[in-house]
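Report on the structure given below.
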Amino acid sequence: MGYQLDIVDVTGSTNDDLLIAGKNGARHGYGLAARRQTAGRGRRGHKWDSTEGNLLLSIILRPNVAPEDYSGLAAVCVLAVIEELESLGLADEVRLKWPNDLYARGKKLGGILIEAAGDADGIRFAVAGIGINVAYTPAEVPDGGLPAVSLMDLNEHVPSVDALLRAIHGGVVERCDAWARDLKKHRNGRGPLFPVIDGYLGHLAWLEREVVALSPEGTELMRGTFKTVDDWGQAVLATSGGLRSFPFELASLRRVK
């Protein structure tokens with residue numbers, strides 16, 4: 001599609017590098033991948049194990065949407081990633097764990113980190129950080145997090161990391177562009193996830209299962225049956241007190257065994 005993708009041997013954080021590049025005017029769709037990171041991070045500041053052999057990619061996104069619609073980017077990107085893995089025959093066991101993780105065999109395969117900023121002209125942009133365990137399975141588990149699994153644990157034949165990078169880079173940018181077009185054309189008062197909600201729900205783990213909603217500090221907020229995710233990205237649980245909605249900024253879910 002003509003979008004530039006650079007690959008470096010090592011850096012601190014590809015997200016940090018592209019936040020700087022974006023503030024200096026780097027174009028929509030520019031991607032940066034690293035063989036290894038020394039300061040990789042995930043959602044809520046958790047350390048992301050960035051060992052060589054895995055996919056470590058960040059992409060600058062400048063979708064033509066309102067600033068408040070950037071909250072839909074994580075869902076758009078994680079859906080694009082799983083669709084690219086499906087096209088490569090690598091996603092038979094892979095599901096989405098709300099809001100933006102890749103999940104298989106009860107373990108974490110990868111995740112998406114969206115960070116938004118403004119450039120020197122005050123124009124908003126986002127950096128989508130994508131981490132996927134390809135050949136190496138991290139042993140360290142963040143507090144309250146899930147153990148890890150890799151693509152090679154799930155599949156006998158896995159393409160090279162470079163081939164995966166090219167496919168996922170292009171797929172994410174194309175998905176983002178299509179989402180922005182659909183959002184602008186068919187909004188009708190719905191939330192930013194509505195153009196992708198059917199695909200998102202179709203891949204979502206734990207629907208109709210009992211789950212517990214946890215605060216960012218790990219405190220139990222509520223238990224209930226996971227019913228859906230709405231157009232605004234909120235997890236909707238059926239509880240003894242009725243339906244309750246939880247924004248992804250304030251909660252995470254764990255299945256009750």
Side-chain angles (χ1 to χ4, degrees), residues 42-44 46 48 54-55 57 59 61 70-114 126 128-134 137 142 144-151 153-155 164 167-169 171-176 178-179 182 191-214 224-237 245-257:
R43 189 169 171 240
R44 295 179 177 155
H46 288 153
W48 183 269
N54 290 340
L55 185 145
L57 169 67
I59 307 170
L61 299 174
Y70 272 56
S71 62
L73 274 173
V76 173
C77 291
V78 74
L79 180 59
V81 170
I82 199 170
E83 288 175 340
E84 288 303 315
L85 293 178
E86 282 181 329
S87 72
L88 295 168
L90 302 175
D92 288 348
E93 299 182 64
V94 181
R95 306 291 287 170
L96 302 182
K97 187 179 81 64
W98 181 82
N100 55 353
D101 284 340
L102 301 173
Y103 173 84
R105 298 183 184 176
K107 301 178 180 181
K108 184 171 179 176
L109 175 67
I112 308 291
L113 174 65
I114 302 292
I130 302 165
I132 301 174
N133 302 323
V134 179
T137 305
L146 295 172
V149 69
S150 73
L151 282 176
D153 293 328
L154 305 174
N155 300 278
L164 290 170
I168 288 172
H169 174 230
V172 167
V173 180
E174 288 180 28
R175 241 312 179 176
C176 179
W179 165 73
D182 288 344
L193 265 66
F194 92 86
V196 299
I197 194 65
D198 290 342
Y200 186 88
L201 292 175
H203 291 90
L204 194 60
W206 303 346
L207 286 177
E208 299 299 333
R209 304 290 185 181
E210 187 179 1
V211 298
V212 56
L214 302 175
T225 301
F226 188 16
K227 301 301 291 185
T228 192
V229 172
D230 66 21
D231 288 349
W232 300 93
Q234 299 180 112
V236 181
L237 274 58
S245 298
F246 295 89
F248 64 84
E249 300 94 339
L250 301 180
S252 60
L253 299 183
R254 292 290 182 270
R255 184 174 174 183
V256 176
K257 297 181 180 179

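Here, residue 1 is the first one in the sequence, and each next residue gets the next number.
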Identify the heavy atoms of [X] and [Y] that sit nearest to each other, and give their distance.
X: Gly89; Y: Asn155; result: O-OD1, 3.7 Å
X: Leu151; Y: Leu90; result: CD2-O, 4.1 Å
X: Trp206; Y: Leu253; result: CZ3-O, 3.4 Å
X: Leu237; Y: Ala213; result: CD2-CB, 4.4 Å
X: Val172; Y: Cys77; result: CG1-SG, 3.8 Å
X: Ala91; Y: Glu86; result: CB-CG, 3.5 Å

Salt bridge or not between Lys227 and Glu208? Use side-chain N to carboxylate O under 4.0 Å.
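Salt bridge between Lys227 and Glu208, a charged N being under 4.0 Å from a carboxylate O: yes.
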Is the CZ atom of Arg209 crowded by more than 12 outside heavy atoms at less than 6.0 Å?
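For Arg209, atom CZ is not crowded (no more than 12 foreign heavy atoms under 6.0 Å).
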Distance from [X] atom [atom1] to [Y] atom [atom2], nearest 0.5 Å?
X: Leu55; Y: Asn133; atom1: CG; atom2: CG; value: 10.0 Å
X: Arg95; Y: Ile82; atom1: CZ; atom2: CD1; value: 7.0 Å
X: Leu57; Y: Leu164; atom1: CG; atom2: CG; value: 10.5 Å

Say whether, by atom type as modelled, one donor and one acceptor occur between the side chain of [X] and the main chain of [Y] under 3.5 angstrom.
X: Trp98; Y: Gln234; value: no
X: Asp101; Y: Tyr103; value: no
X: Asn100; Y: Ile112; value: yes
X: Asp231; Y: Leu193; value: no
X: Asp153; Y: Val149; value: no

Between Glu83 and His203, is a side chain to side chain donor-acceptor pair (under 3.5 Å) present by the stated rule, with each step listed?
CA-CA 10 Å; Glu83 288 175 340; His203 291 90; 5.6 Å; no
Determine whether Tyr200 and Val78 satisfy the following criterion, side chain to side chain contact (heavy atoms under 4.5 Å, CB included), listing intermediate values before the conclusion.
CA-CA 9 Å; Tyr200 186 88; Val78 74; 4.0 Å; yes
Identify the residue among Leu201, Val81, Leu204 that makes a side chain to side chain contact (heavy atoms under 4.5 Å, CB included) with Leu96.
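So the option named by the test is Leu204.
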Find out whether Glu93 and Arg105 are in side-chain contact, i.e. whether some heavy atom of one side chain is under 4.5 Å from a heavy atom of the other.
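Glu93 vs Arg105: side chains touch.
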